[in-house]
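Naming convention: chains lettered A, B, ... in sequence-line order (proteins, then strands); numbering from 1 in each chain.
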Amino acid sequence: MQIYNSLSGHKEKLVPIEPGRIGLYVCGITAYDDCHLGHARMMVTFDMVVRFLRMEGYAVHYVRNITDIDDKIIARAKKEDRDIGSIVEDCIQSMHKDAQALGIVAPDEEPRATLHMNEIITLIQQLMNKGYAYQQAQGDVLYSVRRFADYGKLSGKTLDSLRAGARVEVDPNKKDPLDFVLWKKARPGEPAWSSPWGEGRPGWHIECSAMSMRCLGKHFDIHGGGLDLKFPHHENEIAQSEAATGEIFSNIWMHNGFVQWEDEKMSKSLGNILTIRNTVQRHHPEAVRYWILSTHYRSPLRYDENELESARRSLARLYQTVAANSQETGTSPENDDRLAPIVEDFIDAMRDDFNTPKAISILFQLDRRIRQARQDGESDFAHQGALAMKRLAEPLGFLRSAPDEFAAYQPGLPAHLDHEKIDAMVSGRVEARRNKNWARADELRKELFAMGIVLEDSATGTRWHYQPGQGTSE
RNA sequence: GGCUAGGUGGCAGAGUGGUUAUGCAGCGGCCUGCAAAGCCGUACCACGUCGGUUCGACUCCGGCCCUAGCCUCCA
C-alpha cells in the first residue's frame with residue numbers, strides 16, 4: 001500500500017506504527033452552516049480510504065472531529081440572535097444526515113472541541129512551559145512560530161517567504177506576524193472557559209492537536225483533510241504538537257483536492273457553493289459518490305451537472321450487470337481463476353495511492369467479462385463475476401442499493417412541474433395508444449419531453465422520469 | 001513576488017519510453033407502432049508549445065505559454 005504524503009511530496013509505503021492497525025484523524029466540519037460539496041468530497045474520500053484499508057485487513061481507528069466553538073459560529077449566533085448551542089446541534093444533525101445520504105461509514109470517534117477543554121488547556125500549558133507560547137498584552141496566548149525550527153515543513157514554505165508575501169495585518173502584540181492564537185481571551189457576551197490565562201476559548205488549531213492526541217496518541221499514522229487546511233491549519237497543528245511532545249505527530253498527511261465551480265475553487269468566501277442536500281435532491285447519492293471518486297482524490301474536481309448524470313448512467317450499467325447475473329444458475333466451479341487477475345488489478349490500483357479512477361475502469365473491464373460470459377452461456381461464471389463486482393464495489397461505496405431501486409430513482413421534480421398534471425398527460429397518452437391513435441400519443445409525448453419528462457413504455461405499463469437538462473423548460 | 005499542482009480524443013479521466021485505458025456522449029444493429037430504456041457492435045491522425053536526449057517520446061530533460069491553488073477564514 002502506497003500513499004502520497006503531502007509532507008514529503010511523494011508516495012510512501014504505508015508502514016503502520018502498530019502492525020495491522022491504523023490511526024486516522026480527519027479534520028471535519030465547523031458547525032455553523034450546511035455542508036457543501038467540498039465537505040462531501042472530504043467525507044467520501046476518507047470514507048473510501050477507511051473502507052479500503054479495512055478491506056485490506058487493517059484495524060482502522062477513524063476519528064473525524066467537529067469544531068463547535070469558533071468565531072464564525074459566534075458571528076452567526078449574533079447575527080440571527082440565536083443560541084450557539086442550537087446552531088451547533090442543528091448543523092451537526094444536518095451533517096449527519098448528509099453523511100448518511102452519501103453512505104458514509106460513521107467515524108469511530110467524533111470528538112468536539114468544547115468537550116475536550118482540559119486536554120486543550122493542558123497542551124497549551126505544556127507549550128507555555130517549554131517556551132513555545134507567550135501571553136501578549138491583551139491576554140491572548142500565542143504560539144511563537146520562530147521557536148519551532150521546522151515551521152513550514154508541510155506547506156513547503158519558509159517563515160521569511162511567508163512574511164514577504166504576507167497580506168496579514170501586522171499585530172504589534174505579536175512577536176512575529178505569523179504567530180497564531182492558542183487561547184483567545186473572552187469578550188463580553190461570548191462563551192468562555194476558565195484557564196490559567198483567564199477566561200477565554202481555544203484557538204482554531206489547538207483543538208485538533210489536543211483531540212487527535214487524545215484519541216490516537218502523540219504519534220499516529222495518517223492525518224487528513226481538505227487541501228485548504230494544509231496551510232495554516234495543519235502546519236500549525238504540527239508546530240503545536242511536535243513542540244509539545246517532541247515526537248513526530250502524524251506519519252502521513254493526506255489532502256484531498258478542491259471542488260471547483262467553473263474553474264474556480266468552490267468556497268464559502270466566494271459564495272459559489274452548492275450544498276450536499278441540494279445536490280442529493282437532484283442526483284442519486286451514489287451518483288454523487290461516483291462523480292467524486294471518478295477523479296483521483298488529489299486532483300481538482302469540477303462541478304458539472306452533466307457529469308453527475310453521466311455518473312448515474314455509468315453506475316446504471318454496473319447495476320444492470322449485477323441484476324442480470326444475481327441468480328445462482330447451477331453448480332459453480334470451486335473457484336474460477338479467470339477472475340483473479342481482474343480482482344488483483346483492482347486491488348493494485350487502489351493500493352497505489354487510492355487510484356479510484358483506474359479502479360473504476362477495472363470494474364468496467366469486469367463488467368465486460370461478465371456480459372461476455374453471459375452471452376457465451378457461462379452463467380455460473382457470470383454469476384461469480386457479479387459477486388466479485390459487488391465485493392470490489394464495496395470500498396467505493398457503489399452498488400449498495402437494490403438494482404431496481406436504483407433504476408427507478410427519480411430526482412425531485414422542479415417546482416414549476418406539476419406531478420398530477422404529468423400523470424394526467426401520461427394516462428392520456430396511454431389511452432391514445434390503446435386506441436392506436438399514434439398521432440395524439442406522439443403529440444403528448446412531445447409536449448412532455450419539452451417539460452423534461454421522458455417516457456418509457458414497457459410490457460408492464462408506461463413509466464416516466466424527469467431528466468434534468470432535457471427538453472426546453474429548465 | 002515566493003511556493004504547489006496541472007495542461008491527454010466531443011466531455012470526463014487513468015496510464016505508459018515502442019503494444020486497447022475506461023465511462024458518458026456519438027455512430028451502426030437488435031428490440032419498439034414510433035420512441036425511451038435495455039442488449040450487441042463500433043469510428044475518433046488524443047496527448048499545450050518550441051527545442052534536446054533516444055533506433056524510437058504523449059511518456060525523460062530544458063525553455064516558453066496557459067490554468068488552478070496556497071502565501072488570509074475555508075473540506
Side-chain angles (χ1 to χ4, degrees), chain A residues 6 9 26-30 32-33 35-46 64 70-72 75 152 155-158 160-169 178 204 224-233 235 255-260 263-270 273 276 290-291 294-296 298-302 304 306-318 320 323-324 349 352 355-365 367-368 371-372 374-375 407 433 436-439 441-442 445-446 449 453-459 462-465 467 470:
Chain A
S6 299
V26 174
C27 288
I29 64 155
T30 297
Y32 77 107
D33 211 343
C35 292
H36 61 266
L37 291 180
H39 298 104
R41 190 172 193 196
M42 173 271 290
M43 290 197 271
V44 170
T45 297
F46 290 100
R64 189 183 62 207
D70 160 275
D71 287 351
K72 290 189 292 281
S155 52
K157 300 168 194 300
T158 62
D160 294 312
S161 74
L162 278 166
R163 201 138 70 150
R167 281 172 279 168
V168 216
E169 52 187 285
L178 287 158
W204 174 37
L227 188 58
D228 43 0
L229 298 182
K230 192 171 173 184
F231 189 91
H233 185 56
E235 192 69 63
H255 292 101
N256 63 272
F258 295 121
V259 175
Q260 299 186 333
D263 292 337
E264 253 188 349
K265 175 184 167 187
M266 183 179 281
S267 77
K268 303 279 302 191
S269 39
L270 291 172
I273 57 158
I276 295 178
Y290 186 102
W291 167 67
S294 64
T295 295
H296 185 83
R298 284 190 280 121
S299 301
L301 173 63
R302 263 171 299 286
D304 183 336
N306 297 326
E307 291 306 320
L308 277 149
E309 171 58 15
S310 163
R312 202 211 93 235
R313 291 180 192 221
S314 304
L315 222 34
R317 183 180 172 86
L318 299 181
Q320 262 141 14
D352 182 14
N355 192 340
T356 53
K358 189 171 184 185
I360 290 172
S361 84
I362 289 156
L363 234 38
F364 280 96
Q365 281 170 30
D367 179 274
R368 186 156 217 80
R371 286 163 182 257
Q372 217 170 61
R374 177 132 213 106
Q375 275 200 301
R433 288 186 74 224
K436 299 210 188 298
N437 184 352
W438 308 126
D442 290 350
R445 184 173 61 202
K446 217 171 148 187
F449 185 78
I453 303 299
V454 179
L455 299 169
E456 283 175 42
D457 298 326
S458 77
T462 296
R463 279 202 312 201
W464 63 267
H465 69 269
Q467 196 165 306
Q470 205 53 259

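- Rounded to the nearest Å, the gap between the C1' atom of rC50(B) and that of rC65(B) is 10 Å.
- Closest contact between the side chain of Gln375(A) and the listed nucleotides rA75(B), rG41(B), rG15(B) involves rG41(B).
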Report task. Let me have RNA chain B in dot-bracket notation, would you? Count Watson-Crick plus G-U wobble pairs, both distances under 3.5 Å, and use [ ] for pairs crossing earlier ones and | for inter-strand partners. Result -> (((((((..(((.....[...))).(((((.......))))).....(((((..]....))))))))))))....
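- Taking only side-chain nitrogens and oxygens, Arg302(A) comes nearer than 4.0 Å to OP1 or OP2 of rG13(B).
- The side chain of Lys157(A) lies closest to rG2(B) when the candidates are rA14(B), rC73(B), rG2(B).
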Requested in this report: Report, as a single string ordered 5' to 3', how protein heavy atoms within less than 4.0 Å touch nucleotides 23-35 of chain B: B base, S sugar-phosphate only, - not at all.
Outcome: SSS-------BBB
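- Checked against ring-ring contact (aromatic ring centres under 6.0 Å, His included), His296(A) has no partners two or more places apart in sequence or in another chain.
- The shortest side-chain heavy-atom distance between Asp352(A) and Lys358(A) does not fall under the 4.5 Å cut-off.
- The side chain of Lys358(A) lies closest to rG15(B), out of rG15(B), rC71(B), rA75(B).
- For Ser294(A), no side-chain nitrogen or oxygen approaches OP1 or OP2 of rA12(B) to under 4.0 Å.
- Regarding contacts with the backbone of rG38(B), a side-chain N or O of Gln320(A) is found under 4.0 angstrom from either OP1 or OP2.
- Checking the phosphate oxygens (OP1, OP2) of rA36(B), no side-chain nitrogen or oxygen of Arg463(A) falls inside 4.0 Å.
- No hydrogens or angles were tested; on distance alone, nothing pairs the side chain of Lys268(A) with the base of rC73(B) as donor and acceptor under 3.5 Å.
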